[in-house]
Number of protein chains: 2
Amino acid sequence: MKDTLLDGSLEAAVAALRARTVGALELTEAALARIERREPELNAFITVTADDARRRARAIDSGRVPSSLAGAPIALKDLFDVAGIPTTAGSRLMATNVPSADSAIAAAVFTAGAVNVGKTNLHEWAFGVTTDNPHFGPTRNPWAPERIPGGSSGGSAAAVTAGEIFGSIGSDTGGSIRIPASLCGIVGLKPTYGRVSLRGAIPLAWSLDHAGPIARTVRDAALLLQVTAGYDAADPVSVDVPVPDYLAEIDDGVRGLRIGIVTGRFMERLGPADRATADVAAAVQAAVDVLAGEGARLEDTELPRSDELQTTQLFVIGAEAGAFHKDRLTAHRDGYGADVARRIDTGLTRTGTEYALARRTRDELRRAYAMVLNEWDAILLPTTPTTAPLRDGEDAVAAAARLTAYTSPFNLTGLPAISIPCGFDTSGLPIGLQLVARPWAEARLLRIARAYERATRWHERRPS
Amino acid sequence: MKDTLLDGSLEAAVAALRARTVGALELTEAALARIERREPELNAFITVTADDARRRARAIDSGRVPSSLAGAPIALKDLFDVAGIPTTAGSRLMATNVPSADSAIAAAVFTAGAVNVGKTNLHEWAFGVTTDNPHFGPTRNPWAPERIPGGSSGGSAAAVTAGEIFGSIGSDTGGSIRIPASLCGIVGLKPTYGRVSLRGAIPLAWSLDHAGPIARTVRDAALLLQVTAGYDAADPVSVDVPVPDYLAEIDDGVRGLRIGIVTGRFMERLGPADRATADVAAAVQAAVDVLAGEGARLEDTELPRSDELQTTQLFVIGAEAGAFHKDRLTAHRDGYGADVARRIDTGLTRTGTEYALARRTRDELRRAYAMVLNEWDAILLPTTPTTAPLRDGEDAVAAAARLTAYTSPFNLTGLPAISIPCGFDTSGLPIGLQLVARPWAEARLLRIARAYERATRWHERRPS
């Protein structure tokens, strides 16, 4: 029964925990058993903190304070500090980096009653999309172990997909929450820039980094966003905007809402080999039909200045990642994987002029996108142009360019974006639908995603 | 009588114009006559647009629509576009740059009924503080023609001080509104970053540039801010924050307001030769006593991370100015003055890494300063450590480092700051008092400045 609960929603688990149908320790033991069973294949975790999890679960079982997560097992991507446990950021150079304080994210989920069962695997330093980690081994896609789970939050997505945990908090600098959610057939939400504190998180690129939930249902993602969103003066880019009740309108449906279907140059700017496959395009078209059937008003729309997106993102991420890694890469080049070292080396060649122009272009893009988004409740497009690629033979840098093409523009522009499952390709691999809204409109995004989810069964299908 | 009006406030001129005691054309002719008389010495203007001014004045005289500036003569710093008139930015390379549309600033003041009599001189490309312009000649300080008026908005400040115009809009990237206001004994206000649109203004450094009023009284500055403040979607860094009525609380006094006196490392970080002179320190101390006498509660305060300010400002301004000028400087090096070319050359050496770290440090400083400002209605310090230096013998780059030391931190942090006259040194040169408030609190700043002004007579003293 506990094991069955593991494949249900976080929300159902919280209900069972609150009703004391199951105890936090019982459920934690079930999760730890699932982890023990699945990890040899999946390798979704860098660190499993069984004793710490049991301690937290016992405290919750013996406590009387109701909390919103009520003892449900989760795990954090291994670039968020949890006091007393190493934060590796997916690098063996950080194996002895044991923080003394919780990150804002960790403090928030612990306060909400989550039981942390470990730290999940990621692309080294979060700088890539394969999660083929040279230090801690590759995470495998639960749908097809020879395929990547996406990244950089690949461990989080694989663990959530396989029912090892009910949810995770990942980070997203160019798509690192949404891409693995897409390739694993689950839900990933990148909130508005500044919505969730990054205090105590290891940066990839300060001006593009976002933290957000990875979960199996839209309501679960809302629940995790609810406990982690909010202003934090200690994060210099956290923004003081009121946090709404994300569940208040989530089941209100889409009747009358206006949704723009992204078409034109934005979708076509990649080489023909890198565009959305026929399976992906068909699944997204079917999703359009579902939303229309639910009463949404859908029309084609275009996004401006598409040819400037890739360079701007590359220059910003390159200069900022270069700034963070320069000294360490110089001192410990042999401690870096080849693809990450190559990307940092490229970043280090950026001049101040190039980065300054990229920052200015980014300010302009942010405004231009906001103007478009003001016209719509959300816009809609695929999350990734393809389903999960094979791990072998995939070049990590090329994969990043292709798989981030539809996601990274919303890091540059700081807009909230969600990926939800919308079908399967002819090989049985999941396809992700991406919805994007205006700044701070996560609640609207969740409402549309939830309406789609309610009208479909894709989220119920799990890998065998 | 018209000539006497020219030495009064903008507010008094507007009242006279509304009462039809004087006509817009009459007052404009008086201003043009004053300009003709004073320009041979002052050289405050790059372009005088007499015909255009007369045309606008006639239209106002014949119109029936009341407007807030009612036909008062003003002039814009020559980096704000006015349709049909060259925008030189103080460079002869731009002598044929004739815009077809008004800048946001120009459109705003024209809509409010201002009569533009010309474009004021500035430090070449706004990149310096002497306004010793190699192409259009030096602007002279109305208090002492052998001295600099400060800059880069030196022409605006000299013209306002000499009664050639009632007010001007300048720009401020490291102090370019406040420094000339301080050295000329008038009022200069740099609003919060994003408060006034920079559409149609030639940039110096996008992330540090601010536009704001230069005037002879605090209420006049408020009047000019009122007509220019507001969100503009066409300026990508304009922020959508409601604009209050800046005159509503301006005369409410300072009883009970908390004002922090900046002390410690922030004031001491410069070399001993570059710190506030005894005259400046004494005048600021006397201002503290005046404000205390008016009922304000004043206490010492310190600002954080003072040793990081200079480098951060230099790296940001250097990389951004470098980005804007790189191609032009390469193609037309002989069209640049020596000091500006030297500063751009230095800016071009900045790496992407240096600029990225500076931007991150700046985000942290902005938050750290906001935390301090949350404790105070305003903080108080000198605007410039010295009064106006002699033009000859002054190295422009060294002058910029010294004269911006107390102003540029509030460009980095985007905080609103005002300079008001607070006395004279033993040579009879004006001294400026600077007040700084939390983001968007220009109204509070104006109220404190106005209370001080009302309690003193410094603003009434004019150069002979």
Side-chain angles (χ1 to χ4, degrees), chain A residues 193-194 197-199 203 205-209 231-240 305 314-327 329-330 344-372 374 413 439, chain B residues 193-194 197-199 203 205-209 231-240 305 314-327 329-330 344-372 374 413 439:
Chain A
Y193 186 72
S197 172
L198 288 163
R199 168 167 52 89
W206 298 290
S207 77
L208 301 168
D209 291 343
Y231 176 66
D232 177 8
D235 172 357
V237 296
S238 171
V239 182
D240 194 2
R305 301 176 63 169
L314 278 177
F315 281 26
V316 173
I317 201 171
E320 296 182 16
F324 183 73
H325 284 284
K326 189 179 178 198
D327 293 346
L329 182 63
T330 304
I344 296 171
D345 282 338
T346 304
L348 288 171
T349 67
R350 300 300 169 211
T351 65
T353 291
E354 286 175 320
Y355 179 65
L357 284 174
R359 287 292 298 246
R360 177 64 178 180
T361 301
R362 191 258 276 281
D363 285 339
E364 294 170 358
L365 286 167
R366 186 187 286 135
R367 177 59 49 86
Y369 269 52
M371 304 285 281
V372 173
N374 274 340
T413 53
Chain B
Y193 185 72
S197 172
L198 288 164
R199 169 167 52 90
W206 298 288
S207 78
L208 300 168
D209 291 344
Y231 177 66
D232 177 7
D235 172 357
V237 295
S238 170
V239 182
D240 193 2
R305 300 176 64 166
L314 278 177
F315 281 25
V316 173
I317 201 171
E320 295 182 16
F324 183 73
H325 283 284
K326 188 180 179 198
D327 293 347
L329 181 63
T330 305
I344 296 171
D345 283 337
T346 303
L348 288 171
T349 67
R350 301 299 168 212
T351 64
T353 290
E354 286 174 321
Y355 179 64
L357 284 175
R359 286 293 297 248
R360 177 63 179 180
T361 301
R362 191 258 274 283
D363 285 340
E364 294 168 0
L365 285 167
R366 185 186 287 136
R367 177 59 50 85
Y369 270 51
M371 304 283 283
V372 172
N374 274 341
T413 53

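By convention in this document, chain letters (A, B, ...) are assigned in the order of the sequence lines, proteins followed by strands, and residues within each chain are numbered from 1.
Contact between A319(B) and A356(A) at its shortest, heavy atoms only, is O-CB, 3.8 Å.
Side chain of R359(B) to backbone of E320(A): no donor-acceptor contact under 3.5 angstrom is found. At least one donor-acceptor pair under 3.5 Å links the side chain of R367(A) to the backbone N or O of D235(B).
Counting heavy-atom pairs closer than 4.5 Å to chain A, the top-ranked of the candidates V316(B), L365(B), D363(B), T353(B) is T353(B). Your options are G352(A), S238(A), A368(A), A205(A), and the one with the most heavy-atom pairs under 4.5 Å with chain B is G352(A). Interface check for chain B: of the options L357(A), T351(A), L348(A), the most heavy-atom pairs under 4.5 Å are formed by T351(A).
With a 4.5 angstrom heavy-atom cutoff, T349(A) does not touch chain B via any of its atoms. When heavy atoms are compared at a cutoff of 4.5 Å, E354(A) does not approach chain B at all.
For the pair R360(A) and V237(B), the minimum side-chain heavy-atom distance is below 4.5 Å.
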